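Since the model is a prediction, treat every value here as computed from it, not as a measurement. Per chain, numbering begins at 1; letters A, B, ... match sequence-line order.
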Protein chains: 2
Amino acid sequence: MSKVTLKDISKILGISTSTVSKALKNYSDINVETKLKVQELAKKLNFTPNAFAQSLRSRETKIIGILVPELVHHFFSNVIDGAIHEAEKHGYLVIVLQTHECYEDEIKQLKLLVDKNIDGILLSLSDKTVKYDHIKNIIDEGMPVVLFDKITHLIDCPKVIINDRKAAFSATEHLIKTGCKKIAHITGPLKPKTTIDRFMGYKIALETYNMPFDKSLIYTSENLFFEDGYRLAGQMMAEHPDIDGVFAFIDLVAIGVLKGLREQKIKVPKQVAVIGFSNWLMSKTTTPSLTTIDQPGYDMGKQAFQLLLKNLNQKREGKVFTSEIVEIPTRVVVRKSTNAIIDNS
Amino acid sequence: MSKVTLKDISKILGISTSTVSKALKNYSDINVETKLKVQELAKKLNFTPNAFAQSLRSRETKIIGILVPELVHHFFSNVIDGAIHEAEKHGYLVIVLQTHECYEDEIKQLKLLVDKNIDGILLSLSDKTVKYDHIKNIIDEGMPVVLFDKITHLIDCPKVIINDRKAAFSATEHLIKTGCKKIAHITGPLKPKTTIDRFMGYKIALETYNMPFDKSLIYTSENLFFEDGYRLAGQMMAEHPDIDGVFAFIDLVAIGVLKGLREQKIKVPKQVAVIGFSNWLMSKTTTPSLTTIDQPGYDMGKQAFQLLLKNLNQKREGKVFTSEIVEIPTRVVVRKSTNAIIDNS
DNA sequence: ACATTTACCGAAAACGTTTTCGGGGTTATT
DNA sequence: AATAACCCCGAAAACGTTTTCGGTAAATGT
């Protein structure tokens, strides 16, 4: 019933636990026959080393933590998926926790992870986080941390990001190149870097193509709900009936816009083109299907773990942590909610 | 830098580690002043007990595992969300793993969890699993396991389920009560209990309302993709132009059906009504919005952990495991893809 | 005055593994 | 025959915590 230990094996074979341990790990100072005897018996008894005892000695758990704002979220669940897979390849398991965009929760959850003596942490900041001491402290105490997606450059550690500014530029550019003359932007909650970057990408695209920037074309969705897009579609068209393009912060809001426009009998993309951001599963199911920016969550999770692994090795060798930054490429996924590209040749 | 231990504190105060340990745990045989001194210093040095050492002694990790077919899935991510929250309330952390509907992976991932000496496992079976020895074995060896959603009654352990048959009955009944005379059913992969139950619910509803059961009205989506629903919408209407209701196994497929019907200029719900299953986030964003069955994932996760906790306590007290079965209620979420209920009064 | 209780503390073992160090025995080298 | 080299194994300490079991000294009771 209870687990087989080294001692059990050693007693049966009449040898010491040290010998058993070494036999199982193929030490060179153990006789081949002894090794075989031990390994056979171990297999027969289904011996698996006690993880606590190993951890206690090696100071390693082979467990990492991942902390995201929301687990029930197409993008983040993809990141977690990628991280779990990559971790598993290297013999690590993953504890998942959420902040629900709450600063206090972020602090609390990080403490839980640190106290469990896990080997490292993958972290995406909550939107509310504006101070970073709680994170700097755990890094200073030797815990490897990798930031992804929702990051800040005020923390010195490895990071995995997309270039939100560039991606937003591409999104806006796509609208421009498909003939849009008056493009609205629905932005997100104001604090996070992501919001600012996507807004900047939008603005720079307009400038690049010599189009006027009009502050009144910026609408805000604080909580990024479907209903926000639906509502804002009405407000936008009332205030600016000649809008012919909308770049929304996130697919869910863009889909709300689609629905709002449809109810106003406004043709998409003929009269108004719409582009979203993230390429959620649902964006290909809408009518018309939604043009969007692909934000490869799985890859981010995978890369994030790889960066973490590097620093786990650095730590094991007593070396200093690296602070590499990996940028994951995004791309425009062209579907039916935007027009075909105009060929000026 | 490295963690503060009991020994560190004991050396500073010139007392034994036993005393320190007992002081921190408020043992009655320690002088109040000593306790205070110890507790103050512990707080000052930011002492947190070493989790490995505790686990090694107590044989408890305060970690559980949850194994689901797919993490990137609206329903399962909700279950995980619920489980994580409930677990955290009781001081447990959660390791998340996936089977990707693969039997071999299920075996492998379970072994990983067992070998980590976690305290218990929440498990939803893969669609491919038809033998259950790997699960029975770990239960027999004393690991508390709770099954949820994708279950089998061939394993004796606590379970959290929805009544798929009843839910599917309600879905079909809703179509009938809103005037549908010829109702197709899109079923899922053939083996899992869920598929059979939903099919049975559909069939029993027809019988109950004296409607003919026609085998050719049963269509199958093996992988439950959006594209399946889209394709089947065409096939269905070609083979049975007079279909006026569709009950799909899952929302994603139902949404594919919606899109397929739209392209054939078939009015929903006027000509054909559609009902899905699960109440995914996207089902309220479609046009028309999708009537569906709400499958409360968060609650399932929460209840599953509570059942697990019961057996963790049973185990601690050396008692035998319970095998309670909790059924989570579902309900029809009426939206715009089905007609209004006909009042016969 | 002696016996007994009470209050407080520490030694030690235990959880199971890993690894260093050295010892004992055999074989090979001068 | 003495020394060196080598092979194989085990004792022991270490990781940090918890808890049992005494033990000493002071306080109390007779």
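Across all strands shown, B:K25 has heavy atoms under 4.0 Å from sugar-phosphate atoms exclusively, and none from any base. Using a 4.0 Å heavy-atom cutoff across all strands shown, A:S18 reaches at least one base atom of the nucleic acid.
The structure places CG of A:N46 at 11.0 Å from CG of A:L41, a figure rounded to the nearest 0.5 Å. With rounding to the nearest 0.5 Å, the separation of CD1 in A:I328 from CE in A:M300 is 6.0 Å.
No donor-acceptor pair closer than 3.5 Å links the side chain of A:E86 to the backbone N or O of A:Q303. A donor-acceptor distance shorter than 3.5 angstrom exists from the side chain of A:N311 to the backbone of A:T322, with no hydrogens or angles considered. Formation of a donor-acceptor pair under 3.5 Å by the B:K116 side chain with backbone atoms of A:T61 is found in this model.
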Donor-acceptor contacts, no H, no angles, side chain residues 76-84 of chain A, under 3.5 Å, sequence neighbours left out:
residue, atom, partner, partner atom, Å
A:S77, OG, A:H73, O, 2.9
A:S77, OG, A:H74, O, 3.2
A:N78, ND2, A:H74, O, 3.0
A:D81, OD1, A:H85, ND1, 3.1
A:D81, OD1, B:Q98, NE2, 2.6

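Here the rule is side chain to side chain contact (heavy atoms under 4.5 Å, CB included) with B:K3, and of B:L45, B:N50, B:T48 only B:T48 fits it.
With sequence neighbours excluded, the residues satisfying side chain to side chain donor-acceptor pair (under 3.5 Å) with A:K35 are A:N26. Contacts of B:Y132 classified as ring pair (Phe, Tyr, Trp, His ring centres under 6.0 Å), with partners at least two apart in sequence or in another chain: none. The side chain to side chain donor-acceptor pair (under 3.5 Å) check on B:E106 picks up B:T129, B:H134, with sequence neighbours excluded. Listed by chain and residue number, B:S18, B:T19 satisfy the side chain to side chain contact (heavy atoms under 4.5 Å, CB included) test with B:S16 (two or more places apart in sequence, or in another chain). Residues satisfying the side chain to side chain donor-acceptor pair (under 3.5 Å) test with B:K315, not counting sequence neighbours, are none.
Contacts between residues 49-63 of chain A and DNA chain D, counted as heavy-atom distances below 4.0 Å, involve A:L56, A:R57, A:R59. A heavy atom closer than 4.0 Å to some atom of DNA chain D occurs in no member of residues 29-36 of chain B. The stretch residues 37-48 of chain B touches DNA chain D through B:F47, each having a heavy atom under 4.0 angstrom from the strand.
Where A:K7 and B:S28 each meet DNA chain C at their nearest nucleotide, the meeting point lying more 5' is that of B:S28.
Where DNA chain D meets chain A (any atom under 4.0 Å from a heavy atom), the bounding nucleotides read 5' to 3' are D:dC8 to D:dG16.
Rotation axes derived from the C1' atoms of the five outermost pairs at either end of the helix from C:dA1-D:dT30 to C:dT30-D:dA1 lie 60° apart, to the nearest 10°.
Identified under the ring-ring contact (aromatic ring centres under 6.0 Å, His included) test for residues 16-55 of chain A, with sequence neighbours left out: none.
Surrounding CD of A:E33 are at most 12 heavy atoms belonging to other residues, nucleotides or ligands under 6.0 Å away.
Looking at heavy atoms from C-beta onward, A:I66 lies in side-chain contact with A:F148 at the 4.5 angstrom threshold.
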